[in-house]
Number of protein chains: 2
Amino acid sequence: MSKFEDLVAIGLTHLLEEDPHLELVANGIPPSGIEAAIGDHRPAVAVLNFGSLTSPAQVFQLHQSFPETRLVVLANRPTAAECNQMLSFGATACLSKETQGRDVVNAVHLASRGMHVLPRSAAGGGSLDGSQLEGSDLLTPREADVLELLQEGATNAQIAQALSIGLETVRTHARNIYRKLGVSSRRDLARLAGAAALAEARD
Amino acid sequence: MSKFEDLVAIGLTHLLEEDPHLELVANGIPPSGIEAAIGDHRPAVAVLNFGSLTSPAQVFQLHQSFPETRLVVLANRPTAAECNQMLSFGATACLSKETQGRDVVNAVHLASRGMHVLPRSAAGGGSLDGSQLEGSDLLTPREADVLELLQEGATNAQIAQALSIGLETVRTHARNIYRKLGVSSRRDLARLAGAAALAEARD
DNA sequence: GAGATGGGGGAGGCAAACCCCAGCCGTTCT
DNA sequence: AGAACGGCTGGGGTTTGCCTCCCCCATCTC
């Protein structure tokens with residue numbers, strides 16, 4: 001949290017307050033209090049500072065907990081891959097912090113009605129057949145199996161026995177799960193509402 | 001173009017005129033006059049009615065001719081695949097006609113600064129490795145070869161001989177090229193700036 | 001009618017990507 | 001010491017996309 005980021009937050013707050021169609025219910029929430037704040041106010045839109053998140057997967061967690069709240073993520077200079085990860089995690093918009101304040105306000109309006117906003121850098125898809133568009137392939141079926149047991153607190157050895165696979169295989173799946181969800185331990189994982197991820201990976 | 005679409009155009013025109021930060025340089029352009037109108041005014045943003053385009057590839061053609069003009073496409077109820085096709089063709093935003101007028105104005109502002117806006121229906125990517133983000137895969141290398149010869153006016157038989165493949169194969173490639181570019185004959189193709197498509201398909 | 005073109009379907013071979021599984025080497029934490 | 005985490009490699013399987021070619025049909029032109 002540099003002074004520079006503070007200034008950005010202050011300026012943005014000012015702009016949001018000025019808009020007669022927007023109501024600012026809370027701001028300056030620390031990372032640990034975001035979930036509670038959204039739970040209290042149930043806003044139509046939440047603007048998140050990417051750098052202040054505990055992990056990229058916090059976006060996923062928030063989207064699972066409050067699907068009716070549109071999430072706008074402010075990142076420093078997001079790459080196309082990062083933007084798509086944010087959308088995969090349930091964000092509605094992903095903006096660069098270089099974005100002008102008025103544009104952030106505009107994006108909040110569009111996001112409140114479900115429209116996606118991406119920075120210039122994000123190419124936004126590509127192939128014509130749309131094969132990669134039907135839902136998020138975040139986790140493979142087998143990874144979903146492992147995730148489910150991981151969240152129940154099982155050890156790798158227990159998971160291996162439950163799924164009739166080798167311990168090393170469980171470790172491989174776990175590694176890929178951590179990488180895909182942007183976390184690095186079981187504890188981070190425990191805080192995610194993984195059940196919804198399973199539903200997505202299986203339908 | 002039904003009366004209903006006329007009403008949409010009139011309402012949108014009114015909203016664009018009202019915005020003090022926007023200057024409306026032309027409107028109600030027929031499909032055949034779009035290119036000339038953009039050439040005359042060189043606007044920062046052009047709002048296109050998808051249903052009024054001669055073909056989806058007209059977006060591509062306009063983007064090649066005037067890369068500095070951001071293209072906002074209004075489609076009836078665009079699918080995710082259609083939106084991504086529009087982005088592949090160089091559009092900056094793709095909106096549903098169900099979008100509220102104010103949101104269209106907001107999207108125009110964002111598009112003027114290069115940001116992408118997509119309707120709710122567009123999932124916007126998916127896989128995490130970003131493999132599908134590196135440029136447009138509009139045409140396969142072989143299709144690009146065939147397109148090049150097609151634009152030189154070669155017959156299918158001549159193309160087959162030049163590429164040392166069968167006549168039926170050429171016809172297959174040509175069909176896929178037409179489908180991907182949204183045209184339906186060699187004559188439509190001749191009007192496209194296909195050289196740029198080749199560059200995209202090859203780099 | 002013959003030839004060229006556009007549009008639909010399908011088939012086989014090939015290469016790339018992905019997934020599942022498993023092991024190796026380390027480090028870190030408790 | 002045991003468990004977990006992370007990087008790297010590999011085999012074997014399926015899936016996908018691309019290339020090639022074939023069949024059918026209709027239209028248009030000469």
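Computed from a predicted model, the values in this text were never measured in an experiment. So that the names make sense, note that chain A is the first sequence line, chain B the second, and so on, each numbered from 1.
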Between [atom2] of [N] and [atom1] of [X], the distance in whole Å:
X         : N       : atom1 : atom2 : result
Leu167(A) : dG23(C) : CG    : P     : 9 Å
Glu143(B) : dG17(D) : CD    : P     : 13 Å
Lys180(B) : dG17(D) : NZ    : P     : 11 Å

[X] side-chain proximity, nearest of [options]:
X         : options                  : result
His173(A) : dA22(C), dA4(D), dC20(C) : dC20(C)
Thr172(A) : dA4(D), dC21(C), dC22(D) : dC21(C)
Thr155(B) : dC19(C), dC5(D), dT5(C)  : dT5(C)
Ile165(B) : dG9(C), dC21(D), dG6(C)  : dC21(D)
Arg186(B) : dG7(C), dG6(D), dT5(C)   : dT5(C)
Tyr178(A) : dC21(D), dC5(D), dC19(D) : dC5(D)

Within the structure, does a side-chain N or O atom of [X] lie under 4.0 Å from either OP1 or OP2 of [N]?
X         : N       : answer
Arg179(B) : dG7(C)  : no
Asn156(B) : dT5(C)  : yes
Thr140(B) : dC19(D) : yes

Pair Arg113(B), Asn106(A): side-chain N/O donor-acceptor within cut-off below 3.5 Å: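 Checked: Arg113(B)/Asn106(A) side chains show no N/O donor-acceptor pair below 3.5 Å.
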
Let me know, please, whether Glu168(A) or Arg142(A) comes out on the 5' side of the other along DNA chain C by nearest nucleotide.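 Of the two residues, Arg142(A) wins.
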
The single option from Val47(B), Val104(B), Leu118(B) passing side chain to side chain contact (heavy atoms under 4.5 Å, CB included) against Leu95(B):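 The side chain to side chain contact (heavy atoms under 4.5 Å, CB included) with Leu95(B) is passed solely by Val104(B) among Val47(B), Val104(B), Leu118(B).
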
Just how large is the angle between the end axes of the helix from dG1(C)-dC30(D) to dT30(C)-dA1(D), five pairs per end, to 10 degrees?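 Nearest ten degrees gives 30° for this helix.
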
